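Step one of this worksheet: look at the structure below.
These numbers come from a predicted model, not from an experiment. For the single chain, residues carry numbers from 1 onward in sequence order.
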Amino acid sequence: MIDSLNRLVRRVPVSALYIAGALPPFVLFYMAATGRLGVEPIEALEHELGALGLKLLIVTLAITPLRRFVGLNLLRFRRALGLLTFYYISCHLLVWLFLDVQIAGQIWADIIKRPYITIGMAAWVLMIPLAVTSNNRSVRVLGPRWRQLHRLTYGAAILGAIHFVMLRKGFQLEPLIYLAVILVLLGLRLTPKRPRSTAGIGFRP
């Protein structure tokens with residue numbers, strides 16, 4: 001069964017994932033502009049983009065455990081998933097900056113005074129070097145330091161989940177589930193690793 005899935009996965013071009021992954025934000029923007037996201041379309045758009053970004057980050061983190069414990073090899077998609085994660089989170093940030101807050105002075109005040117925004121911004125900042133170095137040239141130039149740099153993914157994932165938990169005020173199960181899943185996926189990395197090459201892999205989870 002796993003071998004059949006792996007053969008099927010090898011037939012899917014990575015470019016198809018990029019194209020399919022790039023479309024949902026445009027659909028959501030259209031839905032917001034046409035009143036299909038409820039009475040608070042900007043808030044709904046902002047939250048949907050953030051949630052999709054966090055889900056993609058979880059999928060990216062799951063690739064290594066899936067390969068190690070199940071045998072499902074999705075490594076060829078990891079770079080695309082990581083970059084799409086950054087794309088969604090950046091769209092989430094841009095909606096907050098230009099459609100929600102809009103006032104430059106208020107943006108900085110919110111980052112400083114609201115802990116959940118501070119944490120969310122920190123998560124996004126950690127993702128910048130990951131996105132910039134998610135290419136073969138960076139793997140060659142940085143060498144072993146590339147692996148160390150891409151461990152920032154772990155911090156970004158935890159901060160992103162905490163941001164979601166704090167955003168949903170009060171006790172809500174959904175963000176806690178996201179946080180728990182991320183912690184479990186990171187905990188699985190404490191098990192012995194199989195030797196493997198990093199060439200051609202970006203945004204390492």
Side-chain angles (χ1 to χ4, degrees), residues 1-32 37 45-95 123-140 142 146-147 149-161 164 177-178 181-182 184-186 188-189 193-194 196-205:
M1 178 64 178
I2 294 299
D3 290 339
S4 298
L5 285 174
N6 284 332
R7 285 194 295 271
L8 179 62
V9 164
R10 286 194 291 269
R11 296 176 184 175
V12 179
V14 177
S15 58
L17 180 59
Y18 278 113
I19 294 170
L23 293 178
F26 292 97
V27 175
L28 288 170
F29 274 105
Y30 174 78
M31 292 175 65
L37 288 183
L45 175 62
E46 187 179 327
H47 290 175
E48 285 292 331
L49 289 168
L52 286 171
L54 190 57
K55 289 174 182 176
L56 278 176
L57 183 52
I58 289 173
V59 173
T60 307
L61 288 172
I63 288 177
T64 296
L66 282 173
R67 185 190 182 203
R68 183 180 302 156
F69 298 110
V70 181
L72 182 60
N73 191 348
L74 302 174
L75 286 176
R76 62 196 299 265
F77 298 116
R78 188 163 65 184
R79 175 183 295 173
L81 288 168
L83 290 172
L84 286 171
T85 298
F86 182 71
Y87 165 62
Y88 277 82
I89 299 302
S90 296
C91 288
H92 167 73
L93 175 62
L94 289 172
V95 170
W124 179 75
V125 168
L126 288 180
M127 295 175 71
I128 295 175
L130 302 178
V132 170
T133 59
S134 284
N135 54 75
N136 293 342
R137 184 175 184 277
S138 293
V139 174
R140 292 192 300 270
L142 294 175
W146 186 90
R147 281 179 176 270
L149 175 64
H150 278 248
R151 288 174 185 163
L152 291 176
T153 308
Y154 310 151
I158 293 172
L159 290 175
F164 189 28
I177 291 175
Y178 280 65
V181 169
I182 286 172
V184 168
L185 290 173
L186 294 181
L188 291 174
R189 281 156 175 75
K193 296 182 178 181
R194 296 176 182 175
R196 56 184 175 81
S197 172
T198 62
I201 299 171
F203 217 106
R204 183 177 182 270

All N/O donor-acceptor pairs, side-chain side in residues 86-93, below 3.5 Å, sequence neighbours left out:
| from | atom 1 | to | atom 2 | distance (Å) |
| --- | --- | --- | --- | --- |
| Y87 | OH | A22 | O | 2.9 |
| Y88 | OH | G21 | O | 2.6 |
| S90 | OG | F86 | O | 2.8 |
| S90 | OG | W124 | NE1 | 3.1 |
| H92 | ND1 | E46 | O | 2.6 |

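If you take CG on L54 and OG1 on T85, they are separated by 9.0 Å, rounding to the nearest 0.5 Å. Separation of atoms CG (L8) and CG (D3) is listed at 12.5 Å; rounding is to 0.5 Å. In this structure, CZ in R151 is found 12.5 Å from CG in L186, a value given to the nearest 0.5 Å. If you take CZ on R79 and OH on Y18, they are separated by 6.5 Å, rounding to the nearest 0.5 Å. Between the CG atom of L37 and the CZ atom of F29 there is a distance of 10.5 Å, given to the nearest 0.5 Å.
Nearest heavy-atom pair across L17 and L84 is O-CD1, 3.6 Å. Heavy-atom minimum distance, L188 versus P65: CD1-CB, 3.7 Å. Considering every non-hydrogen atom in both R10 and R76, the closest pair reads O-NH1, 3.9 Å. Closest heavy-atom contact between L56 and L81: CD2-CD2, 3.8 Å. Nearest heavy atom pair, residue N73 against residue L75, reads OD1-N, 3.1 Å. Considering every non-hydrogen atom in both T133 and W146, the closest pair reads O-NE1, 3.0 Å.
In this structure the side chain of P129 never reaches within 4.5 angstrom of the side chain of H150, judged on heavy atoms. For the pair I182/L61, a side-chain contact is recorded, criterion being any heavy-atom separation below 4.5 Å from C-beta on. The shortest side-chain heavy-atom distance between L52 and L28 falls under the 4.5 Å cut-off. Contact annotation: the side chain of L185 approaches that of I58 to within less than 4.5 Å [non-hydrogen atoms, C-beta and beyond].
Here F164 pairs with Y178 under the ring-ring contact (aromatic ring centres under 6.0 Å, His included) rule; sequence neighbours left out. For L126, the side chain to side chain contact (heavy atoms under 4.5 Å, CB included) partners two or more places apart in sequence, or in a different chain, are L152, A156, L159.
Side chain of S138 to backbone of S134: no donor-acceptor contact under 3.5 angstrom is found.
For the residue pair R67 / T64, no side-chain donor-acceptor distance below 3.5 Å is found, with atom types taken as modelled.
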